[in-house]
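Here the structure is laid out as structure tokens; the discussion comes afterwards.
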Amino acid sequence: MADTDASQPVAPGADKTPDSLEVIRRFAETYAQRTGTYFCVDPSVTAVVLQGLARHKDELGGALCPCRHYEDKQAEVSQAFWNCPCVPMRERKECHCMLFLTEDNAFRGDQQTISMDEINAVTAN
Ligand code: SF4
């Protein structure tokens, strides 16, 4: 297993489709509201993770966590442990990507929504 820094989201791909990003964006908003979690105070963190999830959904057919290294991404999608929301998030509200932050997290903002315009604005250039 390769040694990676799981706290760092991977760079988003430029090839994700707007449709998949919108699906992921809506999922994240609903899931944050349902779990009582919040997006990061820095919206660029949220935007980069959402783009990474959308890219994986396009490339792999599943929203594999974008903040980890995998030897075989397709096999990981099949196993589903790291498909968002991953097992650590579902069981313990642990999101190492900082997409879903619990109320007591120092980096949480007060938003459970993010618009497509905001995603595009903070990830432009
Ligand atoms: S909930 Fe899990 S899979 Fe989804 S972004 Fe967070 S760490 Fe990654």
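Treat the numbers as computed from the prediction; the structure is a model and nothing was measured. For ligands, and for the atoms within them, numbers begin at 1 and follow the listed sequence.
Using a 30° and 60° split on the angle between ring planes, F100 and F39 fall in the tilted class, from 30° to 60°.
Comparing C65, C67, C97 by heavy-atom distance to atom 3 (S) of ligand 1, the nearest is C65. Ranked by closest heavy atom to atom 2 (Fe) of ligand 1, the top entry among P85, A63, C86 is C86.
Panel note: side chain Q111, backbone Y38; no donor-acceptor pair is recorded below 3.5 Å. In terms of modelled atom types and a separation under 3.5 Å, the side chain of N105 and the main chain of L101 share no donor-acceptor contact.
There is no side-chain donor-acceptor pair under 3.5 Å between S115 and D117.
Nearest protein heavy-atom neighbour of atom 4 (Fe) of ligand 1: C84 SG, 2.4 Å. Looking only at heavy atoms of the protein, atom 6 (Fe) of ligand 1 is closest to C95 SG, 2.3 Å.
The SG atoms of C97 and C67 sit under 2.5 Å apart.
For ligand 1, the atoms closer than 4.0 angstrom to any heavy atom of M89 are 1 (S).
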